[in-house]
Amino acid sequence: MNELFEKIPMEGVKNIIVVASGKGGVGKSTVASNLSIALARNGMKTALVDADIFGPSIPKMFGIEDAKPDITANGDQEMIFPIEKFGIKIISIGFFIDKSQSLIWRGPMAANAVKQLFENTQWGEIDYMIIDFPPGTSDIQLTTAQKLNLSGVIIVTTPQEIALNDARKAASMFMNPDLKVPLLGVVENMSWFTPAEHPDEHYFIFGRGGGLKLAKEFDTRLLCKIPLVMEVGEASERGCNVFQQSDKTVVEAFETLANEVIEAAQSR
């Protein structure tokens with residue numbers, strides 16, 4: 001078999017779901033993190049891979065920036081043991097570099113680094129592995145799609161048209177006949193803003209209906225709409241998660257997303 005298309009054996013991992021976006025700043029890592037937590041809260045054995053080599057944010061979001069995975073020798077290879085928090089097995093390039101260090105790597109080198117994270121990590125039995133991709137359509141996405149048997153992709157966007165344009169490119173990449181990754185659906189983030197002192201008011205700062213429009217274009221589902229809530233960003237800064245704060249609308253959105261993912265996996 002051509003080495004390019006030879007799959008990485010992910011023994012014990014049942015479902016691999018990627019969370020992708022066409023551009024940065026739409027909340028992709030927030031969605032990947034809290035989806036993972038929601039799945040774990042549902043009793044699922046869950047893993048989270050931070051594949052954003054150039055801007056790893058998962059360690060910060062989980063409050064484990066200073067964590068260092070255990071590494072042991074196994075013949076010619078090193079085996080990595082993921083960090084665990086909130087019941088999730090987590091691996092990130094951020095565990096292996098200084099927080100202030102920038103990575104100046106060409107695309108193939110970055111893609112190979114991600115490949116090693118999958119190959120060399122001791123995952124054990126996993127029901128759902130969530131992959132937080134970097135924004136865009138780069139060598140990292142292409143290599144991962146070629147080397148892993150992906151169960152599906154979730155596209156994250158905000159409602160405005162400029163975000164939708166980039167999200168379309170990301171969705172089109174995975175639906176390319178050479179990749180054929182199932183599109184599970186669209187998550188619309190920052191759908192509206194509700195002031196804490198006026199809980200019944202909705203302000204559509206970034207427009208409205210964009211997520212549903214994108215879902216219809218690709219004949220898929222709008223999985224959930226997540227409001228813009230200040231506490232979500234503050235929780236990430238503290239290494240917390242949405243289930244530790246009181247906004248029920250956000251909690252319900254991620255619970256809905258987890259249920260949608262589980263239902264999609266069970267129907268395969």
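Values in this document were obtained by computation on a predicted structure and should not be read as measured data.
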For the [atom1] atom of [X] and the [atom2] atom of [Y], what is their distance to the nearest 0.5 Å?
| X | Y | atom1 | atom2 | value |
| --- | --- | --- | --- | --- |
| Asp70 | Ile83 | CG | CD1 | 7.0 Å |
| Ser36 | Arg41 | OG | CZ | 13.5 Å |
| Lys68 | Phe96 | NZ | CZ | 8.0 Å |
| Leu35 | Leu257 | CG | CG | 4.5 Å |
| Thr158 | Ile205 | OG1 | CD1 | 11.5 Å |
| Phe218 | Phe174 | CZ | CZ | 12.0 Å |

Are Ser29 and Met61 close enough, and set up right, to give a side chain to side chain contact (heavy atoms under 4.5 Å, CB included), and what steps lead you there?
-> CA-CA 9 Å; Ser29 295; Met61 289 183 167; 3.7 Å; yes

Could you see if [X] belongs to whatever hydrophobic cluster contains [Y]? Use Ile, Leu, Val, Met, Phe, Trp, Tyr and a side-chain cutoff under 4.5 Å.
| X | Y | result |
| --- | --- | --- |
| Ile8 | Ile126 | yes |
| Val19 | Phe243 | yes |
| Ile71 | Ile93 | yes |
| Leu223 | Leu164 | yes |
| Phe81 | Trp123 | no |

Does [X] reach the side chain of [Y], with side-chain heavy atoms less than 4.5 Å apart?
| X | Y | answer |
| --- | --- | --- |
| Thr46 | Phe86 | no |
| Thr157 | Phe206 | no |
| Ile131 | Leu148 | yes |
| Met129 | Val49 | yes |
| Pro69 | Ile91 | yes |
| Ser21 | Asp166 | no |
| Ile262 | Asp127 | no |
| Pro82 | Ile90 | no |

Given 3.5 Å as the limit, does a donor-acceptor pair link the side chain of [X] with the main chain of [Y], or not?
| X | Y | result |
| --- | --- | --- |
| Asn189 | Val26 | yes |
| Lys7 | Gln146 | yes |
| Thr220 | Leu183 | yes |
| Asn42 | Met44 | no |
| Lys85 | Phe62 | yes |
| Gln141 | Pro134 | yes |

Mind running side chain to side chain contact (heavy atoms under 4.5 Å, CB included) on Val242 and Val229 for me, showing each step along the way?
-> CA-CA 10 Å; Val242 300; Val229 177; over 6 Å; no

I need the minimum non-hydrogen distance between [X] and [Y], along with the two atoms involved.
| X | Y | answer |
| --- | --- | --- |
| Leu117 | Asp50 | CD1-O, 4.3 Å |
| Ser151 | Leu184 | O-CD2, 4.2 Å |
| Met173 | Leu179 | O-CD1, 3.3 Å |
| Pro159 | Ser191 | CG-CA, 4.0 Å |
| Asp52 | Lys28 | OD2-NZ, 4.2 Å |
| Ser33 | Ile58 | OG-CD1, 3.2 Å |

Would you check, one step at a time, whether the test side chain to side chain contact (heavy atoms under 4.5 Å, CB included) holds for Thr143 with Val114?
-> CA-CA 9 Å; Thr143 298; Val114 171; over 6 Å; no

In sequence, state the C-alpha distance, the side-chain angles, and the governing distance for Lys147 and Glu119, and then conclude on salt bridge (charged side-chain N to carboxylate O under 4.0 Å, His left out).
-> CA-CA 10 Å; Lys147 303 297 283 187; Glu119 284 184 319; over 6 Å; no

Counting only heavy atoms not in [X] (residues, nucleotides, ligands), do more than 12 fall under 6.0 Å from its [atom1]?
| X | atom1 | value |
| --- | --- | --- |
| Ile162 | CD1 | no |
| Glu201 | CD | yes |
| Lys89 | NZ | yes |

Could you go step by step and tell me if Thr144 and Phe133 meet the side chain to side chain contact (heavy atoms under 4.5 Å, CB included) rule?
-> CA-CA 10 Å; Thr144 303; Phe133 267 156; 3.6 Å; yes

For Glu188 and Arg208, run salt bridge (charged side-chain N to carboxylate O under 4.0 Å, His left out): C-alpha distance rounded to whole Å, both residues' side-chain angles, the deciding distance at 0.1 Å, then the answer.
-> CA-CA 10 Å; Glu188 183 185 274; Arg208 60 193 302 177; over 6 Å; no

